[in-house]
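See structure below.
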Amino acid sequence: MATHMDPEEFRRNGYAVIDWIADYWATLADRPVTPADPPGTVAARLPASPPERGEPFDRILADLDTIVTPGLTHWQHPAFFGYFPANTSGPSVLGDLVSAGLGVQGMLWASAPACTEVETVMLDWLAELLDLPARFRSTGTGGGVIQDSASSATLVATLAALHRASGGRWRDQGLDRRYRVYTSTEAHSSVQKAARIAGLGDDGVRAIGADPHTLALRPELLRAAIEADLAAGDVPALVVATIGTTSSTAVDPLPAIGELCQTYGTWLHVDAAYAGAAAICPELRWSHAGLEYADSYCFDPHKWLLTGFDCDAFWVADRAGLIEALSVLPEFLRNAASESGAVVDYRDWQVPLGRRFRALKLWFVLRWYGAEGLRAHIRTGIALAARFADLVRADDRFEVVGSHPFSLVCFRLRAAAVEPPDGQPEAAGAAADALNAELLHRVNATGRVHLTHTRVGGRHTLRLAVGAPQTSEREVALAWYLIERTATALRRGTPDAAAVRTTGG
C-alpha cells in the first residue's frame, strides 16, 4: 500500500518532473503543434477504473509521454499562433511549484499574511510598470488583486457597478429596476456572460456598433444608447471598453468614452486582457490614453507577460465600494486583524472565498526578467508580427485586415483573388470566405503551425498571434511558407494539404 510521499521521495521525484518539463520544452519545436487523433483517443488510453493500489511514480511520469502529450495542443510551441498567447516561463513554473508546495489558503490576511501582502505589492509593481493612474495604487483609495481571468474581472466589475448604480440596494434587494451594460460589438463574450450571471440577461447588454475601419466602439452611438435608455427609465450601470479586442486588437477611444461615463455617472471598466501588457513599453502607452476615467481595469499577465495561467491583474479606483458590494462575513471568518481595518482580505475582492498564492509566480517572473527583459519580450513579438504582415502585403493575393499595433496580424485572401462562381461577381465574397476557411484548415492540418480565425466586417479572416518565448523569425517564415504554398495549391485544385505537408520550408 502506498504511503505519504516523504521529503526524500518528493525530492527524487521532483527532480524527475523538472527534468521531464525541461526535456518537453527542449523538444517542442520537433512536435506537431496539434494532435491528429480523433476525439476520445486520450480517454480510450486511460483505464476504466482507478487503481486499487498505488503505482510507482516513474510509471505515472512515463504515461505523460504515452497518453497526455500526444493528445495536447502545445500552447508553448514556437509555431503556435492561435487565439492569443498563453505562455508560461521557467520562473513562473517554479513560482507555481513553490505555491503548490506551501499549500496556503489566502482568503484572509490572517489565514496567510505573506500571501496577501506579496500580492498587494506585486499589483503595485505592475501598476508602476504599466504607468497606471495613481488612483489604482494600494497607497490611495484603490488597489489591485489577482483574479483567475479577465472574465472574472468583468463579472466583479459588473457586480460593483450594479451596487453603485442602485445606491447600495442591489446588495440587499437584488435588481429593482432595469440596469444596462454597454459594450462594443467587438467586445469579448465575457461581458454577456457576466450580465447573465448578474441577473441582467442578454437583454441587459447593449451592443454598440464599431467603426468599420478601426473596429473601435463609436462614442456617438454609445451616447445615443444611453440617452434612449434614460428616456425609457433604465439605469446605465456599466460601460466595458476594450484595449485590444479579441478579434483584431482594436482599441476603443477611452477619452471620449470616459467623458461620457463621467457625464452619466456610469462605471467604466476597461478590459485590456491581452494588450495591457504592451504598456510596459513607453512607446505603446498611447493605447491607454484616457485610462484616468476608468473605475476598474484588468489585463492578463498569463497572456503576454510570461506568467502561467491563471493570473489576471485587476484594479479598482475605489476599493471601499468593491468590498461593500461583495463582502459577506460569517462568524467563522471573524478575526482581530480584519476587524482592525488595517489589513486587506482579498476574499472581498472576488467571487470565490478561497484563493491560491498566485502572486508568487508573478513575483518570480518580475524579478527574473526585470522590466528590461519583459519589454524585450513584448517588442520581439511586435517585430515578428510586423515581419509577417510585410510578407502578407508583398503577395497581392492577400490583404492585411485592420491595423496590427501589437503582435496579432489579421489577414485573408482577397475576394478579388477568387474566381466568381457561375459568373456572379456578388458571390465572390462568399467564395472567398470558403476559400479562406479551407486555407486555414489545410495549413493547420500540416501539424507544423497553428492559427485561428475570426470574422471582420462579416468576412472569414485568419489570425496569427505571436507570443511564445521560443518563437523566432524561423517559425514566422515557416507559417508564411505554408500559407503561401497552400494558397497556390488551392488555386490549382490540389485536393488536400499533402503538397505542403511533405515539403520543406
Side-chain angles (χ1 to χ4, degrees), residues 33 75 77-87 186 188 210-216 242-251 272-278 281 283-284 286-287 303-304 377-415 417 432-433 435-444 446 448-487 505:
V33 186
W75 281 68
H77 197 291
F80 180 88
F81 297 114
Y83 307 103
F84 278 136
N87 295 122
E186 297 289 315
H188 193 269
D211 183 279
H213 302 293
T214 66
L215 302 176
T242 309
I243 298 174
T245 56
T246 303
S247 281
S248 64
T249 61
V251 177
Y274 157 70
C281 300
E283 70 272 18
L284 295 170
W286 58 265
S287 61
K303 279 193 170 69
W304 200 13
H377 174 65
I378 297 295
R379 288 167 177 153
T380 296
I382 292 173
L384 290 173
R387 171 60 180 151
F388 179 80
D390 287 342
L391 293 170
V392 174
R393 290 191 188 95
D395 188 325
D396 60 10
R397 296 173 298 173
F398 288 87
E399 61 181 337
V400 174
V401 179
S403 60
H404 50 91
F406 308 113
S407 68
L408 170 73
V409 179
C410 293
F411 67 102
R412 61 191 172 207
L413 280 165
R414 297 177 185 272
D433 283 353
L435 198 63
N436 277 292
E438 181 63 16
L439 172 64
L440 178 64
H441 169 72
R442 293 195 187 190
V443 168
N444 285 345
T446 68
R448 301 173 68 188
V449 299
H450 187 73
L451 285 70
T452 51
H453 82 283
T454 186
R455 282 192 173 270
V456 177
R459 292 301 180 193
H460 195 285
T461 303
L462 281 65
R463 301 168 73 260
L464 182 137
V466 180
Q470 292 188 37
T471 301
S472 68
E473 191 162 338
R474 178 183 181 277
E475 286 75 32
V476 169
L478 172 63
W480 176 245
Y481 172 84
L482 295 172
I483 291 162
E484 190 275 331
R485 281 297 187 92
T486 303

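Values below: all heavy atoms of this structure, side chains included; hydrogens, waters and symmetry mates excluded.
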How far apart are the closest heavy atoms of [X] and [Y], and which atoms are they?
X	Y	answer
L408	A465	CD1-CB, 3.9 Å
L215	A250	O-CB, 3.3 Å
W75	F84	CZ3-O, 3.5 Å
G467	P85	CA-CB, 3.7 Å
T249	P405	OG1-CD, 4.1 Å
A389	V400	O-CG2, 3.8 Å

Atom [atom1] in [X], atom [atom2] in [Y]: separation rounded to 0.5 Å?
X	Y	atom1	atom2	value
N87	T471	CG	OG1	7.0 Å
L413	T486	CG	OG1	10.0 Å
R448	L482	CZ	CG	5.0 Å
L439	H460	CG	NE2	9.5 Å
R442	T446	CZ	OG1	12.0 Å

Query raised in the report: By side chain to side chain contact (heavy atoms under 4.5 Å, CB included), which residues pair with A216, not counting sequence neighbours?
Result: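 Once residues adjacent in sequence are excluded, the partners of A216 under the side chain to side chain contact (heavy atoms under 4.5 Å, CB included) criterion are T214, D252, P253.
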Requested in this report: Please name all residues satisfying side chain to side chain contact (heavy atoms under 4.5 Å, CB included) with D395, sequence neighbours left out, ordered by chain then number.
Outcome: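 Per chain and number, D395 pairs via side chain to side chain contact (heavy atoms under 4.5 Å, CB included) with R397, F398, W480, E484.
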Requested in this report: Using atom types as modelled and distance alone, determine if a side-chain donor or acceptor of E475 lies under 3.5 Å from a backbone N or O of S472.
Outcome: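 Yes, the answer is positive, given that a donor and an acceptor are paired below the 3.5 Å cut-off.
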Report task. Using a strict cut-off of less than 4.0 Å between a Lys/Arg side-chain nitrogen and an Asp/Glu carboxylate oxygen, indicate whether D390 and R387 qualify as a salt bridge. Result ->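 No.
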So, using side-chain hydrogen bond (donor to acceptor under 3.5 Å, both in side chains) as the criterion, who are the partners of [X] when residues are at least two apart?
X	answer
N444	none
H377	none
H188	S190

Report task. Name the orientation class of the two ring planes belonging to W304 and Y274 (parallel below 30°, tilted from 30 to 60°, perpendicular beyond 60°). Result ->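 It falls in the parallel class, under 30°.
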Requested in this report: Determine whether the aromatic ring centres of F388 and F81 lie less than 6.0 Å apart.
Outcome: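 When the ring centroids of F388 and F81 are compared, they turn out to be at least 6.0 Å apart.
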Report task. Only one of N436, I483, L391, T461 passes side-chain contact (heavy atoms from CB on, under 4.5 Å) with F411; say which it is. Result ->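 For F411, the side-chain contact (heavy atoms from CB on, under 4.5 Å) test succeeds with only one of N436, I483, L391, T461, which is I483.
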Hey, can you pull the donor-acceptor pairs under 3.5 Å for the side chains in residues 449-456, sequence neighbours left out?
residue : atom : partner : partner atom : Å
T452    : OG1  : Y83     : N            : 2.9
T452    : OG1  : R463    : NH1          : 3.1
T454    : OG1  : S247    : OG           : 2.6
R455    : NH1  : D433    : OD2          : 3.4
R455    : NH1  : G458    : O            : 2.7

